[in-house]
Amino acid sequence: MAHITASVYTSHVPAIGAALDLGKTAEPYWQPVFAGYEPSKQWMREHTPDVVLLVYNDHATAFSLDFIPTFAIGTAASYQPADEGWGPRPVPVVQGHQALAAHIAQSVIQQDFDLTIVNKMDVDHGLTVPLSLMCGPKDPVREAWPCPVIPIAVNVVQYPVPSGARCFALGQAIRRAVESYDQPLNVHIWGTGGMSHQLQGPRAGLINREFDNRFMDLLIENPQAAARIPHIDYVREAGSEGIELVMWLIARGAMSDVARGAMSDVARGAMSDVARGATADVAAGSRPDVVHRFYHVPASNTAVGHLVLASR
Ligand code: DHB
Ligand code: FE
């Protein structure tokens, strides 16, 4: 059986990728950002998983605005870094894990989540910048990322976007899918994007440290409450692009302390309110350990937030 043993959360600011690729990491502006990821890179080297499920958003790169899946899973053998207007980032090709991806698609769709199956796509900074932050710069010719990656793309660009509650429930469904895979894989799940930022309009440049830190507190200690934050609160408090934070809830929903049994919503709907309340927020274990927490402003137009949580 496969297990999800840890989750990673990080912003995906494209300028971070450019700073890495252009050798600017030691510059005074960038040094504190990269220093904040050093403990995580060390942890990643010591706890390299067999597969990473990487929840991210495409920025009208692979999907354009012609077709916009709410939730999509990559089932390809590999993914090329996308050309986002300045050429593709000079990073290794991302290797997929087709067998596990196909299994997750099967299981999650049968749990009533409509995933779009993507057999071919390029991956933009939403996916490659988190990999660079966690794994360090990699020569695209001589080096590879440390493990296969399954991209899980979420639409947070074109309205309507999915709610935090739905994202959290998707994470729970992904956990059940992974646990029904019959190979002993150690799986990590990453939630990326955020934190507060707004890229356009009169509020461009908005940063809200208080919201960001409260969100990280809630995500750790009371993720069910974080999942109830309505969409409009993200936009008001964290800016229009702050809505990317709903993707962190997919990763958090996949951790063991909030695991739910395989009961279908139909069966749950048939229960009395009292019984439903008793099973609603079943904590299957203790809260995860906070391996690392980091917050920094500014990086480009964005507050950088980062967490590593590991199951006890
Ligand atoms: C920036 C941040 C993003 O999340 C993004 O997708 C594009 C740009 C920025 O801070 O500039
Ligand atoms: Fe973004």
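Order of appearance sets the numbers: ligands from 1, and atoms from 1 within every ligand. The structure presented is a predicted model; accordingly, all values stated were derived computationally and were not measured.
Counting heavy atoms of neighbouring residues, nucleotides and ligands inside a 6.0 Å radius, atom CZ of Arg312 exceeds 12 of them.
Between the Fe ion (ligand 2) and His59 there is an N/O/S contact shorter than 2.8 Å. At a cut-off of 2.8 Å, His197 does not coordinate the Fe ion (ligand 2) through any N, O or S atom. Under 2.8 Å from the Fe ion (ligand 2) lies no N/O/S atom of Glu241, from backbone or side chain alike.
Look at Glu241 and you'll find every heavy atom at least 4.0 Å from all atoms of ligand 1. Ligand 1 lies within reach of Pro14, whose nearest heavy atom is under 4.0 Å from it.
What sits closest to atom 10 (O) of ligand 1 on the protein, heavy atoms only, is Thr302 OG1, 2.6 Å. In this structure, atom 3 (C) of ligand 1 lies nearest to the protein heavy atom His197 NE2, 3.5 Å. Shortest contact from atom 9 (C) of ligand 1 to any protein heavy atom: Ser300 OG, 3.3 Å.
Taking a cut-off of under 4.0 Å to the non-hydrogen atoms of Val13, the atoms of ligand 1 that pass are 10 (O). Of all atoms in ligand 1, listed by their number and element, those nearer than 4.0 Å to a heavy atom of His59 are 6 (O).
For His59 and His12, the distance between ring centers is under 6.0 angstrom. His306 and Tyr37 have their aromatic ring centers within a separation under 6.0 angstrom. Two rings, from Tyr159 and His231, have their centers less than 6.0 Å apart.
Between Phe211 and Leu245 the shortest side-chain heavy-atom distance falls below 4.5 Å.
With hydrogens and angles left out, the side-chain atoms of Ser180 and His103 include a donor and acceptor closer than 3.5 Å. Checking Tyr79 against Asp122 by side-chain atom types alone, no donor-acceptor pair falls below 3.5 Å.
When OE2 of Glu244 and NE2 of His12 are joined through the Fe ion (ligand 2), the resulting angle is 100° to the nearest 10°.
Ion pairing of Arg89 with Asp83 is absent here, as no side-chain N (NZ or NE/NH1/NH2) approaches a carboxylate O to less than 4.0 Å.
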